[in-house]
There are 2 protein chains.
Amino acid sequence: MIKKQVTIKDIASRLNLHHTTVSKALRNHPDINPETKKRILETAESLDYHPNIMAQSFKNKKSNTVGVCVPIINLDFFAEVISGIQNVLYDAGYTMIVCQSNESYEREEIDTRALVSNQVAGLIIAISQTTQYAEHLKVFQRRGIPLVLFDRVPAGIEACNVIVDDFHSAFHAVQYLIKSGYRRIAHLAGPSHISVSANRLKGYKAALKKNNIDIEESLIIHGGFREEDGTSGFEQLIAAGNLPDAIFAVNDSVAAGAFLLIKKNGLKIPDDIALLGFGDLKISSYLEPSLTTVRQSPHRMGEIAAKMLIEQIEHKDEKFTPRTEIVKTELIIRHST
Amino acid sequence: MIKKQVTIKDIASRLNLHHTTVSKALRNHPDINPETKKRILETAESLDYHPNIMAQSFKNKKSNTVGVCVPIINLDFFAEVISGIQNVLYDAGYTMIVCQSNESYEREEIDTRALVSNQVAGLIIAISQTTQYAEHLKVFQRRGIPLVLFDRVPAGIEACNVIVDDFHSAFHAVQYLIKSGYRRIAHLAGPSHISVSANRLKGYKAALKKNNIDIEESLIIHGGFREEDGTSGFEQLIAAGNLPDAIFAVNDSVAAGAFLLIKKNGLKIPDDIALLGFGDLKISSYLEPSLTTVRQSPHRMGEIAAKMLIEQIEHKDEKFTPRTEIVKTELIIRHST
DNA sequence: ATGAAAGCGCTAACAT
DNA sequence: ATGTTAGCGCTTTCAT
């Protein structure tokens with residue numbers, strides 16, 4: 001059942017050549033007689049030869065595999081990023097190992113170790129919600145393996161980043177709410193130690209301050225990034241008997257969770273409560289009323305991250321200064337505000 | 001900048017041992033003195049040793065990497081499947097290389113070649129829309145590399161499959177429409193050479209036949225799997241002046257495309273036209289009215305596919321009979337019908 | 001233009 | 001219990 005793999009030696013012995021000659025021919029070494037080369041290529045084809053990339057990488061001490069680690073693959077945002085990464089890597093001749101931490105720091109640590117052991121040429125990662133330190137990423141830097149962080153970036157590490165300007169995006173979005181006449185604006189915030197949610201919260205506060213609106217801590221509900229968090233967040237607002245006239249949610253999933261509950265309570269969007277999300281998920285334009293939100297470009301973020309990584313990989317010897325790429329966002333005004 | 005990697009030889013020379021002793025210790029070989037082993041493990045830790053898995057796999061002629069190839073990563077369905085695969089592979093100690101064909105046969109062929117060259121231990125694949133032959137997959141079988149096909153399966157190859165029963169799922173769904181009183185039921189069908197869409201079409205026809213309803217070819221519109229296809233499909237129905245009283249769409253994306261246009265035309269769902277999808281995307285429950293659809297369990301499909309693959313990989317020597325696993329679907333009745 | 005020798009990091013089989 | 005030898009498939013350097 002298990003067929004032995006065809007190697008350059010097999011090709012060589014078929015043609016009474018030495019395997020090094022075959023190796024050279026396959027890599028277009030100028031030494032080789034075109035006639036010989038032709039015969040070698042034909043024989044390779046006919047024997048169904050596939051080069052052993054592991055052996056190549058092993059010998060050359062360079063791999064063409066890149067690691068990608070995200071919290072959850074099956075979230076729109078990350079699936080988009082991964083797709084963007086994949087396309088760029090494909091064009092550049094790299095393959096990609098994908099891991100998901102499931103928001104667990106322990107798993108993320110194991111994943112990154114495995115990636116180092118697998119000799120990845122570089123790593124693109126969005127850290128998990130429970131990741132507080134970056135020690136496991138410093139391994140990469142110590143070993144000179146290029147690193148690109150995106151979306152959620154940890155403190156305490158200097159590396160290439162691909163992020164959106166969460167602060168200003170949130171600021172402008174909330175500013176827009178205020179301009180539209182809303183005053184009591186609640187915020188369904190994300191985890192406070194995650195960069196993106198922390199910055200969106202800061203943007204929210206800054207916009208209120210700028211407009212001389214008092215920040216009411218009771219209107220800021222901390223939760224996670226998921227739909228349930230939106231539901232429970234809005235429940236808390238109800239329970240406190242403290243309904244705002246607008247809600248800014250940390251992302252569209254949370255907004256969608258709140259959305260359902262708002263309607264269930266017989267409240268009209270946006271007349272009774274306006275709703276603003278972040279992320280522009282596919283569902284957001286389908287909601288009725290459709291959701292006003294901040295559009296990120298996750299696919300593009302992935303492309304940019306992959307390009308940055310490849311750049312580093314292919315100029316590994318040169319001194320490389322980490323830089324941060326900020327992907328533009330866009331406020332998409334729909335009918336929920 | 002580029003730090004040389006730490007090898008078992010480094011550990012060995014530190015301790016004045018031979019590198020094979022270190023190798024054995026790291027793999028818990030019973031030969032090794034517990035005391036020695038302890039020192040070796042400590043030294044490995046302190047030197048920040050990471051085993052070179054490529055060298056291991058190379059030497060052992062077995063890899064712990066599996067290939068996964070889907071048409072498009074950033075489609076709900078495939079992202080879910082990939083996530084399911086990843087979790088199972090993680091638990092079993094495998095890593096996964098992910099490719100996307102972007103619905104191109106050429107790219108799929110290149111991807112699969114690359115996976116063979118990368119010495120994957122197995123392959124899980126859903127073929128692209130433009131893939132008509134399975135020759136590129138037979139390479140895996142010739143080389144004894146386990147193979148699992150899911151969702152879209154090509155003809156002409158005998159391998160493990162993980163699919164849903166598209167025929168019966170569609171049959172029951174359409175049967176339900178008929179029972180609800182709809183008679184003129186259109187079908188926005190997918191590509192006719194893809195197994196899933198072909199089978200859903202067959203199920204649709206069978207249900208009509210069973211109920212003595214004539215099949216009107218003009219009510220069957222062929223298109224792709226995307227939202228645009230739903231929009232253009234419904235346009236064709238309008239153009240033909242041939243509005244049905246219900247539409248069965250090949251999947252939820254197509255249904256969503258039709259959905260928007262139906263409402264745009266001032267028609268009421270389900271009173272003027274009922275709408276039935278397939279797949280139960282996240283958006284489907286958010287539509288208003290919410291979409292009746294057939295729930296697949298893509299995450300579970302991924303888990304099953306990964307388990308089947310691992311089973312094959314780990315019993316490679318034994319004769320393995322390809323089997324087909326059919327994942328149960330469920331008709332989710334909501335308000336669009 | 002072709003061949004020989006060496007070695008990448010690791011493990012298995014066989015000494016000692 | 002530890003060490004020696006050899007070799008996986010490939011590429012590089014140095015003969016011929």
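Just so it is clear: chains get the letters A, B, ... in the order the sequence lines come, proteins before strands, and each one is counted from 1.
The number of heavy-atom neighbours closer than 6.0 Å to CD of E158(B), taken from other residues, nucleotides and ligands shown, is 12 or below.
Rounded to whole angstrom, the span from the CD atom of Q119(B) across to the C1' atom of dC10(C) amounts to 16 Å. When rounded to the nearest whole Å, the span between CE of M54(B) and C1' of dG9(D) equals 11 Å. dG9(D) atom P lies 11 Å from atom CZ of R143(B), rounded to whole Å. Across the protein-nucleic acid pair, I11(A) atom CD1 and dG3(C) atom P stand 14 Å apart, rounded to whole Å. The distance from atom CG of N33(B) to atom C1' of dG3(D) is 15 Å, rounded to the nearest whole Å. The separation between N118(B) atom CG and dG9(D) atom C1' is 14 Å, rounded to whole Å. When the C1' atom of dT11(C) is taken as reference, atom CG of D31(B) falls 13 Å away, rounded to whole Å.
If you check the side chains of T95(B) and T65(B), you find a donor sitting under 3.5 Å from an acceptor. Judged purely by distance below 3.5 Å, without hydrogens or angles, the side chains of R39(B) and T43(B) never pair a donor atom with an acceptor atom. E108(B) and T131(B) form a side-chain donor-acceptor contact under 3.5 Å, judged by distance and modelled atom types alone. A side-chain donor-acceptor contact under 3.5 Å links N102(A) and N87(B).
One axis for each end of the helix from dA1(C)-dT16(D) to dT16(C)-dA1(D), each built from five base pairs, and the angle between them comes to 40° at 10° resolution.
Under the 4.0 Å criterion applied to side-chain N and carboxylate O atoms, R323(B) and E325(B) are assigned as salt-bridge partners. The pair E42(A)-K38(A) counts as a salt bridge, with a side-chain nitrogen and a carboxylate oxygen less than 4.0 angstrom apart. The pair E103(B)-R152(B) meets the salt-bridge criterion, with a side-chain N (NZ, NE, NH1 or NH2) lying under 4.0 Å from an Asp/Glu carboxylate O.
Across all strands, S57(B) comes closer than 4.0 Å to no nucleic acid atom at all (heavy-atom distances).
At distances below 3.5 Å, not a single donor-acceptor pair connects side-chain atoms of S83(B) with backbone N or O atoms of A79(B). Put simply, the side chain of S57(B) gets close to the backbone of I53(B): a donor and an acceptor are under 3.5 Å apart.
Taking every heavy atom of residues 13-27 of chain A and every atom of DNA chain C, pairs under 4.0 Å involve N16(A), L17(A), H18(A), T20(A), T21(A), K24(A), by number.
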Between the protein and nucleotides 7-9 of chain C, which nitrogen or oxygen pairs come in under 3.5 angstrom?
residue, atom, partner, partner atom, Å
dG7(C), N2, K59(A), NZ, 3.0
dC8(C), O3', K61(A), NZ, 3.1
dG9(C), OP1, K61(A), NZ, 2.6

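Taking CG from L75(A) and CD from E80(B), the interatomic distance works out to 9.0 Å, rounded to the nearest 0.5 Å.
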